[in-house]
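To start, the structure under review is shown below, and the notes come after it.
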Amino acid sequence: RKEVEQDPGPFNVPEGATVAFNCTYSNSASQSFFWYRQDCRKEPKLLMSVYSSGNEDGRFTAQLNRASQYISLLIRDSKLSDSATYLCVVKSTGGFKTIFGAGTRLFVKA
Amino acid sequence: DGGITQSPKYLFRKEGQNVTLSCEQNLNHDAMYWYRQDPGQGLRLIYYSQIVNDFQKGDIAEGYSVSREKKESFPLTVTSAQKNPTAFYLCASSSGPWGNNEQFFGPGTRLTVL
């Protein structure tokens, strides 16, 4: 079993749709969680950190469920510019070991 | 502007040659990392360094070597011992490996072995 697993997609959605990505992790000692965005042939960039109480940034909402060991990302009112690959990232206790999921590809269509 | 630079952007290598990928950061970050990304896969850690003159192997260090003589620089050498070196190489840095510190990435180097 992979340490961090994501649905590879692709997700094809129309503009304005709401789309949700899930990610599961295997190490119960994991402490920090992030969502990164990666555009085609570019480097990953931090989209948002994921906090225990859940957090929101504009159209993006991240949730953490420690009991079930999964995190989620919800994108509301999808824009064409949201088309990218979304990477789930998990850091273990002690910090250095950061595990990247393989990513979920999103295509938003006009 | 603060950030991470990687060079070259594209690199072509003949089999049997060693090549060195450059990574420089002016963010005053202590920790630096090298990852490899293959199509459809997540990033895999090659080497990381938490402080100058110290570095540790990651999950796929075989066939690679690094040095950390300066805080700002963390070059990666892909040796001829690396069996399948064609990939996208990403360098990252963070203010420290602890806590919630995010990693910032450079633009990457695409290495192709001919």
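Per chain, numbering begins at 1; letters A, B, ... match sequence-line order.
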Gap separating the SG atom of B:Cys91 from the CD atom of A:Glu43, nearest 0.5 angstrom |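 So the SG of B:Cys91 and the CD of A:Glu43 are separated by 11.5 Å.
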From CZ (A:Phe100) to CD (B:Gln41), nearest 0.5 Å =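 The CD atom of B:Gln41 is 14.5 Å from CZ of A:Phe100, to the nearest 0.5 Å.
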Only counting residues at least two apart or in another chain, list the ones meeting ring-ring contact (aromatic ring centres under 6.0 Å, His included) with B:Tyr89.
-> B:Tyr64
Assess whether side chain to side chain contact (heavy atoms under 4.5 Å, CB included) is satisfied between B:Leu45 and A:Ile99, documenting all intermediate values.
-> CA-CA 8 Å; B:Leu45 183 65; A:Ile99 308 297; over 6 Å; no
Proximal to chain A - members of residues 69-88 of chain B, heavy-atom separation under 4.5 Å =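 Only B:Phe88 of residues 69-88 of chain B have a heavy atom under 4.5 Å from chain A.
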Could you tell me which of B:Arg44, B:Gln56, B:Arg110 has the largest number of non-hydrogen atom pairs under 4.5 Å with chain A?
->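 Option with the greatest count: B:Arg110.
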Report yes or no: do [X] and [Y] belong to one cluster of Ile/Leu/Val/Met/Phe/Trp/Tyr joined by side chain heavy-atom distances under 4.5 Å?
X        : Y       : result
A:Trp35  : A:Val19 : yes
A:Tyr25  : A:Phe21 : yes
B:Ile46  : B:Leu11 : yes
A:Phe34  : B:Leu27 : no
A:Leu106 : A:Met48 : yes

Which bit of B:Leu90 is near chain A, if near means a heavy-atom gap under 4.5 Å: side chain, backbone, both or neither?
-> side chain
Mind checking side chain to side chain donor-acceptor pair (under 3.5 Å) for A:Gln38 and listing every partner two or more places apart, or none if nothing turns up?
-> B:Gln37
Hey, can you pull the donor-acceptor pairs under 3.5 Å for the side chains in residues 2-9 of chain A, sequence neighbours left out?
residue, atom, partner, partner atom, Å
A:Gln6, OE1, A:Cys88, N, 2.9
A:Gln6, OE1, A:Gly103, N, 3.0
A:Gln6, NE2, A:Tyr86, O, 2.9
A:Gln6, NE2, A:Thr104, OG1, 3.4
A:Asp7, OD1, A:Gly9, N, 2.9

Could you pull out the closest heavy-atom pair between A:Arg41 and B:Tyr10, with the gap in Å?
->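 Scanning both residues, the minimum pair turns out to be NH2-CE2, 4.0 Å.
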Heavy-atom closest pair, residues B:Tyr35 and A:Thr98 = OH-CB, 4.0 Å
Looking at side-chain heavy atoms only, is the closest gap between A:Val89 and B:Leu43 below 4.5 Å?
-> no
Is there a side chain to side chain contact (heavy atoms under 4.5 Å, CB included) between A:Tyr36 and B:Glu102 once you walk through the steps?
-> CA-CA 10 Å; A:Tyr36 277 70; B:Glu102 67 172 287; 3.8 Å; yes
